[in-house]
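Here's the structure we're looking at; comments come further down.
All chains are named by letter (A, B, ...) in the order of the sequence lines, taking the proteins before the strands, and each is independently numbered beginning at 1. Everything numeric here is computed off the predicted structure, so don't read it as measured data.
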2 protein chains.
Amino acid sequence: MTEAVARSVRQPSMADVARTAGVSAQTVSRTLRDSPNVNPETRRRVLDAVEQLGYRLNNAARVLSSGRSFTIGLVLLQSGGYYSRSAVTAGVEAAAGHAGYAVNIATIAGLDTGLMERALSKLADQGVDGIIIAVPLISVTQKMEDITRDIPTVTLDGSRTAGARVLGIDQLEAGRLATQHLLDLGHRQVWHVSGPDEWIEARQRLQGWQECLAAAGIDAPPALEGDWSPDSGYRQGQIIAMIPDVTAVFAASDEMAFGIIRALRERGRSVPEDVSIVSVDDIALAAYCSPPLTTVRQDFYRSGQAAVELLLDPDGANASVVPASLSVRASTAAPRSH
Amino acid sequence: MTEAVARSVRQPSMADVARTAGVSAQTVSRTLRDSPNVNPETRRRVLDAVEQLGYRLNNAARVLSSGRSFTIGLVLLQSGGYYSRSAVTAGVEAAAGHAGYAVNIATIAGLDTGLMERALSKLADQGVDGIIIAVPLISVTQKMEDITRDIPTVTLDGSRTAGARVLGIDQLEAGRLATQHLLDLGHRQVWHVSGPDEWIEARQRLQGWQECLAAAGIDAPPALEGDWSPDSGYRQGQIIAMIPDVTAVFAASDEMAFGIIRALRERGRSVPEDVSIVSVDDIALAAYCSPPLTTVRQDFYRSGQAAVELLLDPDGANASVVPASLSVRASTAAPRSH
DNA sequence: CGAGCCTATGTTATCGATGCCATGTGTAAC
DNA sequence: GTTACACATGGCATCGATAACATAGGCTCG
């Protein structure tokens with residue numbers, strides 16, 4: 001009882017441990033940081049004292065004196081892409097934790113320069129050692145440049161700042177894979193429901209689609225723009241359903257794909273008999289809704305990890321690209337032959 | 001150029017600002033903390049100096065001297081429930097940010113006592129001012145008790161530690177709502193595919209289901225246990241499909257529900273004609289897959305916010321319960337009458 | 001056997017903001 | 001015209017760990 005009270009009065013400090021172990025505070029510090037020059041016997045005494053006092057290193061003091069916070073800041077968008085967001089977060093957290101870093105999250109409510117600046121400032125104020133930006137930067141302001149110049153930064157979507165390194169997730173390839181799959185099945189034209197134009201992912205997938213069609217000598221139809229949500233897919237799907245000869249659609253996300261499918265079905269167009277649909281993400285549900293979705297899988301967890309590795313890599317040679325692969329299921333088929 | 005170099009050499013400190021503004025460091029500190037007794041004219045000079053030097057408050061020093069970190073720790077599970085997890089995170093982050101707190105994430109890879117202890121230790125080491133635990137505590141160890149005694153803690157799932165306060169999300173009610181809906185439609189029996197038994201949410205939903213059936217004088221059939229994933233729903237769905245007279249199933253999550261639906265359909269049982277399905281979550285896709293899912297909506301974002309509010313509420317009177325509500329869609333119908 | 005070096009440890013200054021106390025005004029109250 | 005008190009500000013010690021430097025043995029090598 002007394003012990004509990006005493007503890008809540010003041011946490012033991014390194015000096016307390018030093019006193020109990022009969023050494024200097026510096027030796028305690030060395031022991032805890034696995035410094036090489038510590039006698040095994042001394043080390044044991046120190047660790048015993050730590051255990052006995054329930055000592056816990058004071059992070060703030062460590063940060064202040066060492067100048068390093070062992071914390072990585074992660075900038076996320078609050079809405080949209082639940083799946084990819086949490087997978088990225090988990091990947092970042094795992095890799096960071098593995099390297100002895102903590103993760104500090106800053107979510108922004110929308111793609112707005114002011115919000116972005118505030119998020120970066122917040123992280124800078126927290127003294128993070130590095131920043132991972134997992135949302136697209138619409139336009140890069142001076143203030144953002146200032147921060148990313150001082151603090152190592154990796155962007156996960158391809159947008160660039162001075163000083164920020166970029167982790168490529170090959171979205172062009174994703175767009176190409178999806179489109180080519182439809183062409184290979186025999187479709188003569190592929191429509192596209194894209195993500196919001198501010199998102200680099202969206203633009204790159206769209207570009208991959210365009211390039212793939214161009215390579216096949218096909219004029220791309222106008223792209224329809226969604227906002228990643230099933231609902232926006234549904235709305236664009238209603239438009240697509242009004243166009244008679246559409247046989248293949250590439251949707252920029254699984255969630256939009258399901259919205260499109262619903263709209264098509266309500267108009268009497270079945271999937272994949274009348275219209276084939278491919279999308280990107282491969283969320284857990286993709287295989288279980290009906291029809292099971294043909295989709296380009298991207299390993300977001302791995303991307304999160306890779307971002308951390310890139311960030312912590314001193315020579316920065318580590319710019320790995322996370323690959324994409326196609327999961328073929330039942331939402332695509334050859335067009336009706338007649 | 002020179003400026004950028006100078007900056008990267010050393011960030012300006014409060015003393016630098018004080019010198020430029022011609023006041024003491026103490027006055028700068030007061031100004032930045034909106035202390036009442038600062039002359040407007042002085043305040044302006046200080047703020048000008050801050051602006052001019054690009055001064056940024058050193059968080060570590062602030063934490064060290066004030067003893068408060070203005071950081072909240074959030075413990076999450078790495079896998080499962082992507083939707084709820086990110087919604088909770090966003091809610092926590094928003095509410096925390098609003099109150100001037102940062103959020104520090106600790107994800108654990110599984111429901112394991114050791115992992116949980118490590119996560120809590122990590123947060124404690126980071127010096128967080130409070131902890132929100134968004135995963136169930138299977139068993140509470142001494143070490144966990146020690147930490148949650150020292151640091152204010154809120155658990156978001158109903159498990160209890162000494163000193164931790166609990167934010168009720170009324171899972172019993174969710175189970176009851178779902179089950180009652182099926183009974184109201186005329187079903188005479190309701191089967192249940194639950195979440196993992198270690199999860200309090202799962203146990204409470206199950207209990208709500210049992211109580212509701214009991215109140216109607218119905219003997220509950222054995223519950224089938226899943227792991228929240230669509231795949232586990234699919235496997236349990238295959239079992240259910242073998243039982244001839246099942247007309248209604250309550251699934252503990254939307255993702256499992258879609259797995260169940262797939263399994264039933266593959267066996268020639270249609271939803272909702274042959275079997276009605278209700279679940280819990282109301283993820284974005286629930287309304288867009290087919291059939292649109294009847295499900296109990298829970299506001300996870302709001303829960304996250306509420307957890308922060310409860311945590312920061314000094315008198316703790318703020319133990320609000322986040323309500324659940326039923327979204328009726330097309331996966332439920334009256335049983336075939338014959 | 002002394003120069004030189006490695007190992008184990010201690011001493012001291014320092015990081016940057018804040019808490020606490022002291023000081024010096026202007027002004028309201030008796 | 002004191003006493004008293006709110007307001008505005010400065011000085012100094014302090015939080016707890018670490019970097020940088022210092023020291024004292026023990027060992028190697030020529």
* To do: Would you give the length of the straight line joining atom CG of B:Leu74 to atom OG1 of B:Thr107, rounded to the nearest 0.5 angstrom?
  => 10.0 Å

* To do: Could you state the atom-to-atom distance from CZ of A:Arg56 to P of D:dC15 in whole Å?
  => 20 Å

* Short side-chain N/O contact to C:dG10 OP1/OP2 from A:Thr27, under 4.0 Å -> yes

* OP1, OP2 of C:dG16 versus side-chain N and O of B:Ser65: anything below 4.0 Å? -> no

* To do: Round to the nearest Å and state the distance from B:Arg68 atom CZ to D:dC15 atom C1'.
  => 16 Å

* Closest listed nucleotide, where the reference is the side chain of B:Leu57 and the choices are C:dA17, D:dA17, C:dT9 -> C:dA17

* Donor on one side chain, acceptor on other, B:Asp146 and B:Gln142, under 3.5 Å -> yes

* State plainly whether the residues B:Arg19 and B:Asp16 are in salt-bridge range, i.e. N to O under 4.0 Å. => yes

* Between A:Ser24 and A:Ala61, who's closer to the 5' end of DNA chain C by nearest nucleotide? -> A:Ser24

* Rounded distance (Å) that lies between atom P of D:dA6 and atom CG of B:Asn39 -> 19 Å

* Asked: Could you give the CD-to-C1' distance, from B:Gln26 to C:dT23, as a whole number of Å?
  -> 14 Å

* What is the distance, rounded to the nearest whole Å, between atom CZ of A:Arg33 and atom C1' of D:dA17? -> 8 Å

* Tell me: CG of A:Asn37 to C1' of C:dT7, nearest whole Å? -> 6 Å

* To do: Could you tell me whether A:Val38 contacts a base, only the sugar-phosphate backbone, or nothing, with contacts defined as non-hydrogen atoms closer than 4.0 Å?
  => sugar-phosphate

* Asked: Contact class for A:Val63 (heavy atom, under 4.0 Å): base, sugar-phosphate, or nothing?
  -> nothing

* **NZ/NE/NH1/NH2 to OD/OE distance under 4.0 Å, B:Asp34 and B:Arg43** => yes

* Asked: Cut-off 3.5 Å, side chains only: do B:Ser24 and B:Thr27 have a donor facing an acceptor?
  -> yes

* Upstream residue (5' side of DNA chain D) when A:Leu64 and B:Val23 are each assigned their closest nucleotide -> B:Val23

* Asked: Of all the choices, C:dT18, C:dA17, D:dG10, which nucleotide is nearest to the side chain of B:Ser66 once you look at every atom?
  -> C:dT18

* Asked: Has A:Ser13 got a side-chain N or O lying under 4.0 Å from the OP1 or OP2 atom of D:dC15?
  -> no

* To do: Quickly work out the A:Arg30 CZ to C:dG10 C1' distance and round it to whole Å.
  => 8 Å

* To do: May I have the distance from B:Asn58 (atom CG) to D:dA17 (atom C1'), rounded to whole angstrom?
  => 14 Å

* Asked: Heavy atoms under 4.0 Å, any strand shown: does A:Val28 hit a base, just sugar-phosphate, or nothing?
  -> nothing

